[in-house]
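Accompanying notes for the structure given below.
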Number of protein chains: 2
Amino acid sequence: MDLFKKGWFTEVYDMCPGMTLSIQIDKVLHHEVSKYQDILLLETKNYGRVLVLDGIIQCTEFDEFSYQEMISFLPLCCHPNPKKVLIVGGGDGGVAREVVKHPSVELVEQVEIDERVINLCKEYLPSMAVGFTHPKLKLHVADGFAFMKSRLQNYDVIITDSSDPIGPAVPLFQQEYFQLMKNALKPEGIVCSQASNPWSKTKEFVDVHRVCKQMFPSNGFAYTTVPTYPNGIIGFVLGSLNKETNFNEPIRIFTEEELTAMKMKFYNEDVHRAAFSLPNFMRKALKEC
Amino acid sequence: MDLFKKGWFTEVYDMCPGMTLSIQIDKVLHHEVSKYQDILLLETKNYGRVLVLDGIIQCTEFDEFSYQEMISFLPLCCHPNPKKVLIVGGGDGGVAREVVKHPSVELVEQVEIDERVINLCKEYLPSMAVGFTHPKLKLHVADGFAFMKSRLQNYDVIITDSSDPIGPAVPLFQQEYFQLMKNALKPEGIVCSQASNPWSKTKEFVDVHRVCKQMFPSNGFAYTTVPTYPNGIIGFVLGSLNKETNFNEPIRIFTEEELTAMKMKFYNEDVHRAAFSLPNFMRKALKEC
């Protein structure tokens, strides 16, 4: 707990080596070590409440909507009729909160391994954990790998809301996992996973795209801005079993009125297209995979 | 100099209150107090060399190209024939390096107040200061306000590469300065200034856009990702005297081959359009101005 000296939490993280983010905290709301990880909940001075797992910021109330809306609506809006969705991970509930908003979605299954994260987010992060209370949601506390093996041709969209591709989440960025998702998808299904930090971790960003390209006939590479993530950015990888899918162009377009009614603070059709507009240095890195 | 304890430089900055960025340093290359400001040049472990003015990171060799390319090519590519350009500030030379690349640009005038910044960047940041050596460039060491008063209907594009809208640079974001720029522009001229951090400093972002809207018949509001800037992002404000200017859509489009020849690591036509695609929360804030 010596990180909290002078009231600041400092993230020391290999996702952007030689650079750290520190956030001024009001108090530690909760700290425990679960069966799977170190869980820390903080009240900060300016960024609301923060969930930290194994020393890494997972989400803050200040900017979580950017990540949650984008990882949900980029794939959902590229599917012609997403009825059944699987979320792997996402223990804070924020992705579930977003996915259930899509009017064609009828059932959302979510598989999260750590029940303690779920319960602590229900207690300390109700603005995200509200996702768990929606009647469309069916929550399973289980290992995502084992769970998906029993689900064949089941889902229209699979969203993987995991931690980063260094440390325990590495398998979620590898071929075996993408094969399992492929098997669990209906014929024209779509997957979307977070894909690391394309500024500092260009190799990891490219590696996960290479895996996805090997497995899916259509691919998409996107990013969005999230101030409290490493380098203020996070990448996404998308794959579709339908070779006609053009991820750059959303099929389902919501009007401004619909977006307001859905309480969307970030996503709109222009932001969708913009997310796939990569700078030259990212394009060049991806060409090599 | 106690910020350098344990080999890290920490930026403590009101542009994102309650959050700080720290960078691991190899050595301090130079430190002096000029007539105008505290100037610090650092060699970092992972982000190349860094220029710090009054304790605030101005640019790192790692990510400077994003800012320099965007603040230059967003306005240049929206002007039908930008021949004469003025840069206000930009003492590191990076914006000059970019602007001279545009094939229709014939003359670039630059006015920077602090000669020590120019000379130190020539010595320690030659990859940016190379901009100062180009035959298209005419450099003036002077105050931007006084300089512009003597220039009427002179420029096609004026780019203001200043520090942030808190502290000494505040006047560069206010009405008097925008009026001076307007007077110094040719009839269909365009201005582009950095416009603060739209995530944490939404008020400042909106304020500068309000000033620009009052003065110019066409306006553009954009942002780009720069990891070492506050919240990993920086906004831009653009104004045009031509009421037909549509900033979202570049007039001059460079092919992939041209961009490679111009050594553009970030800017392309898709990134141009994407920069103007604002998330709902920024759109909403701007509607109120």
Side-chain angles (χ1 to χ4, degrees), chain A residues 7-12 16-26 44-47 60 62-63 65-66 69-70 197-200 223-233 248 256 259-260 262-284, chain B residues 7-12 16-26 44-47 60 62-63 65-66 69-70 197-200 223-233 248 256 259-260 262-284:
Chain A
W8 289 76
F9 167 77
T10 296
E11 185 184 66
V12 179
C16 51
M19 191 180 289
T20 71
L21 192 75
S22 302
I23 300 190
Q24 198 172 12
I25 59 178
D26 258 348
T44 68
K45 289 256 185 232
N46 303 80
Y47 300 90
T60 82
F62 166 69
D63 59 6
F65 60 88
S66 165
E69 290 185 21
M70 294 296 271
N197 165 359
W199 266 103
S200 281
Y223 73 88
T224 196
T225 160
V226 186
T228 57
Y229 282 171
N231 288 171
I233 195 172
N248 302 23
E256 205 173 324
L259 292 170
T260 304
M262 291 157 79
K263 295 183 185 164
M264 304 288 272
K265 292 192 244 178
F266 202 90
Y267 181 90
N268 58 54
E269 60 168 309
D270 295 336
V271 162
H272 182 120
R273 294 185 194 99
F276 293 91
S277 301
L278 303 187
N280 302 334
F281 82 95
M282 291 185 206
R283 282 187 180 177
K284 192 177 163 201
Chain B
W8 289 76
F9 167 77
T10 295
E11 186 184 64
V12 179
C16 50
M19 191 179 290
T20 71
L21 192 75
S22 303
I23 300 190
Q24 198 171 12
I25 58 177
D26 257 349
T44 68
K45 288 256 184 234
N46 303 80
Y47 300 89
T60 82
F62 167 69
D63 59 7
F65 61 89
S66 164
E69 291 185 20
M70 294 296 271
N197 164 358
W199 265 102
S200 280
Y223 73 88
T224 195
T225 159
V226 186
T228 58
Y229 281 171
N231 288 170
I233 195 171
N248 300 23
E256 204 173 322
L259 293 169
T260 304
M262 290 158 78
K263 295 182 183 163
M264 303 287 273
K265 293 193 244 177
F266 202 89
Y267 181 89
N268 58 55
E269 60 168 309
D270 295 336
V271 163
H272 182 119
R273 294 185 193 99
F276 293 90
S277 302
L278 303 188
N280 302 333
F281 81 95
M282 292 185 206
R283 283 187 180 177
K284 193 178 164 201

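In the text below, chain A, chain B and the rest are named by the order of the sequence lines, each starting its count at 1.
Between chain B and the residues Pro230(A), Gly232(A), Ser200(A), the largest count of heavy-atom pairs under 4.5 Å involves Ser200(A). Heavy-atom pairs under 4.5 Å with chain B were tallied for Met264(A), Arg283(A), Glu69(A), Met282(A); the largest tally goes to Arg283(A). Between chain B and the options Cys16(A), Ala274(A), Ser66(A), Gly18(A), the largest number of non-hydrogen pairs under 4.5 Å is found for Gly18(A). Among the candidates Asp63(B), Leu259(B), Val226(B), the residue making the largest number of heavy-atom pairs closer than 4.5 Å to chain A is Asp63(B).
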Steps toward side chain to side chain contact (heavy atoms under 4.5 Å, CB included) verdict (Met19(A), Thr44(B)): CA-CA 10 Å; Met19(A) 191 180 289; Thr44(B) 68; over 6 Å; no

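The two residues Thr225(B) and Ile233(A) have their closest heavy-atom pair at OG1-CD1, 3.9 Å.
Between the side chain of Asn268(B) and the backbone N or O of Pro279(A), no donor-acceptor pair lies under 3.5 Å. Proximity of a side-chain donor or acceptor of Asp270(A) to a complementary backbone N or O of Phe276(B) within less than 3.5 Å is not detected.
Both the backbone and the side chain of Ile23(B) come within less than 4.5 Å of a heavy atom in chain A. Heavy-atom distances place no part of Glu269(B) under 4.5 Å from chain A, backbone and side chain included. For chain A, the nearby part of Tyr223(B) is the side chain; its heavy atoms alone come within less than 4.5 Å. Neither the backbone nor the side chain of Asn197(B) comes within contact range of chain A; no heavy atom of the residue lies under 4.5 Å from a heavy atom of that chain.
Separation of atoms CG (Asn231(A)) and OH (Tyr229(B)) is listed at 14.0 Å; rounding is to 0.5 Å.
Ring planes of Phe65(B) and Phe281(A): perpendicular class, angle over 60° (limits at 30 and 60°).
Inter-residue side-chain proximity for Trp8(B) and Thr10(A) is flagged as unmet; no heavy-atom pair is nearer than 4.5 Å.
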